[in-house]
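Just so we're on the same page: letters track the sequence lines, and every chain starts at 1. What you are looking at is a predicted structure, and each value in this text was computed from that prediction instead of being measured.
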2 protein chains.
Amino acid sequence: MTTGNREDYLINILRLTEGEGVAKTTELATYMNVSPASVSEMIKVLAKEGLVNYEKYKGVSLTEEGLTYARQLRKKHHVLERFLTDYLNIDHKTAHEEACRMEHAISDESAIKMCHMMGTPVDSDCQSCKKPCKAVSEGVTRITPLNKLAQSESGRISHITSDDTEVVKRLISMGFVPGREISIETILSDGGPRIVRMGNATMALDYHLASHIFVDTAAESEQF
Amino acid sequence: MTTGNREDYLINILRLTEGEGVAKTTELATYMNVSPASVSEMIKVLAKEGLVNYEKYKGVSLTEEGLTYARQLRKKHHVLERFLTDYLNIDHKTAHEEACRMEHAISDESAIKMCHMMGTPVDSDCQSCKKPCKAVSEGVTRITPLNKLAQSESGRISHITSDDTEVVKRLISMGFVPGREISIETILSDGGPRIVRMGNATMALDYHLASHIFVDTAAESEQF
DNA sequence: TTTATAGTTAAGGTCAACCTAATCTTAAAA
DNA sequence: TTTTAAGATTAGGTTGACCTTAACTATAAA
């Protein structure tokens, strides 16, 4: 495990080398607001650990391993930032700063699941980076809106979508979170409420609301 | 700002002083898996900062300020842990460990909002603590359980949920269907039945039963 | 080929933790 | 009331992960 600060170096090297091949010491020093000497020193450590390619006087770049690490970190950053702004209504600047702290604390697993929870937003461009980042993973599935499921059918929530952010937020806050197992208990009438079950909870849900929840019916025992 | 480790001391002092008035040095040392000497040392620092009451050889306790701080921290822990288990399906042990890291990174603001997002679950008992914890703040959640609504308040039924399927079915069969407008006519006594109105029907409803019905109070004319 | 600029090393500092060993307090047993 | 063991504290020291300044060195453009 690399420490928080080392991780910052990695992520910043990534940011600076994204377009160009290498980051220069001074450039990085300015960017991170430390002395060039500190950068040189740190880089030697990271090189020894195989995370960066380092040739004296020639700048740094990430190794394959470092790249993977840094990208993962950046994804975490984005996922968190996204979550903070979209789900918690935190303003952008604050969200960014907070994501900078939290990206070092969240596990890979949680980041991935968080990504799933939010549907696809992590694919898209990120405000604080020049480059877009990719979603953590994708699968082939049979996905149906919850309101189209028949009685006693079940599956796993794939994603939730609506033009109205509020609706998505509301559903999330009700516990409809991608990844959870869900089954239709009872259908009261065709266009009427659905009684659904998730874990121990049973819940009655409006037909229209249910249409925003997409269920993967082939995913009953699949793990992320 | 106190460092992560200092925060750990605070939260652990809180845990140990919850029942008893003070925590003993050795007790804390054992609990945190460090030497008693380290504890003494750290405590002096915290005392200097006004976060703990410290009288040599007499044990530590939190000051008013330290208590506030530690409680806030523990709340953060709970909110995060809850989020990880309930929303991301992370197993408990992992969630706890992760919350331990993240509690130092999340801001007060985000914790509060996260709490709101999740509705009320943070009120309830927490798996990893002996003591239940309170919600981060009362806050303005639009979705409120019916039993918490004041007299003459109204809204639209958002959803109905219970661990017991029968309860949900019964409520549905009584006409409590998501989407319907509802208002509190009369409150007979604090924990007593509510008389509610839906359309033309008036109905008396047990306090406990009412707690399963969630009302969107901001949604009086809103459509899903 | 010179020389400014950029990069590196050396030497040393700080800070927050931690530890062991020695010493001191307290409280309870003798 | 004295003794003493358990518990707490201090002293002194270590470590790791940073950082800095100052002096030195390489590079590449004039």
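Residue Asn5(A) has no polar side-chain atom (N or O) positioned under 4.0 Å from OP1 or OP2 of dG16(D). Within the structure, a side-chain polar atom (N or O) of Lys56(A) is placed less than 4.0 Å from OP1 or OP2 of dT9(C). Considering only side-chain N and O atoms, Asn33(B) lies nowhere under 4.0 angstrom from the phosphate OP1 or OP2 of dC18(C). Phosphate proximity of dC18(C) to Ser35(B): absent, as no side-chain N or O sits under 4.0 Å from OP1 or OP2. Between Tyr54(B) and dT9(D), a side-chain N or O to OP1/OP2 separation shorter than 4.0 Å is present. Taking only side-chain nitrogens and oxygens, Tyr9(B) comes nearer than 4.0 Å to OP1 or OP2 of dC18(C). Contact annotation: Lys44(A) reaches the phosphate of dT9(C) (side-chain N/O to OP1 or OP2, under 4.0 Å). Between dA17(C) and Ser38(B), no contact under 4.0 Å exists linking OP1 or OP2 to a side-chain N or O.
Counting to the nearest Å, the C1' atom of dC15(C) and the CE atom of Met42(B) are 12 Å from each other. Met32(A) has its CE atom 7 Å from the P atom of dC19(D), to the nearest Å. Here dT5(C) presents its C1' atom at 15 Å from CD of Glu27(A), a figure rounded to the nearest Å. As a whole-Å value, the separation of Ile43(B) CD1 from dG7(D) P is 16 Å. Nucleotide dA17(C) holds its P atom 11 Å from the CG atom of Leu10(B), rounded to whole Å. As rounded to whole Å, 13 Å separates atom C1' of dA17(D) from atom CG of Asp8(A). Computed from coordinates, the Lys58(A) NZ to dT25(D) C1' distance equals 14 Å when rounded to whole Å. Spacing between atom CG of Leu28(B) and atom P of dC18(C) amounts to 11 Å, rounded to whole angstrom units.
In the set dT10(D), dT27(D), dC18(C), the nucleotide with an atom closest to the side chain of Val34(B) is dC18(C). In this structure, the nucleotide among dT20(D), dT8(C), dA17(C) sitting nearest to the side chain of Thr25(A) is dT8(C).
For the salt bridge (Lys or Arg N to Asp or Glu O under 4.0 Å) test with Asp108(B), the passing option among Lys76(B), Arg71(B), Lys75(B) is Lys76(B); the others fail.
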Exercise. How far apart are the C-alpha atoms of Ile11(A) and Arg15(A), what are their side-chain angles, what is the distance that settles it, and do they pass the side chain to side chain contact (heavy atoms under 4.5 Å, CB included) test?
Worked result: CA-CA 6 Å; Ile11(A) 206 169; Arg15(A) 294 205 244 253; 3.8 Å; yes

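One distance of note links SG of Cys100(A) with CD of Glu7(A); it measures 11.5 Å at 0.5 Å rounding.
Using cut-offs of 30° and 60° for the angle between ring planes, the Phe83(B) and Phe83(A) rings count as tilted.
More than 12 heavy atoms of other residues, nucleotides or ligands sit less than 6.0 Å from atom CG of Asp91(A).
If you find the closest nucleotide of DNA chain D to Pro36(A) and to Tyr57(A), the one lying nearer the 5' end belongs to Pro36(A).
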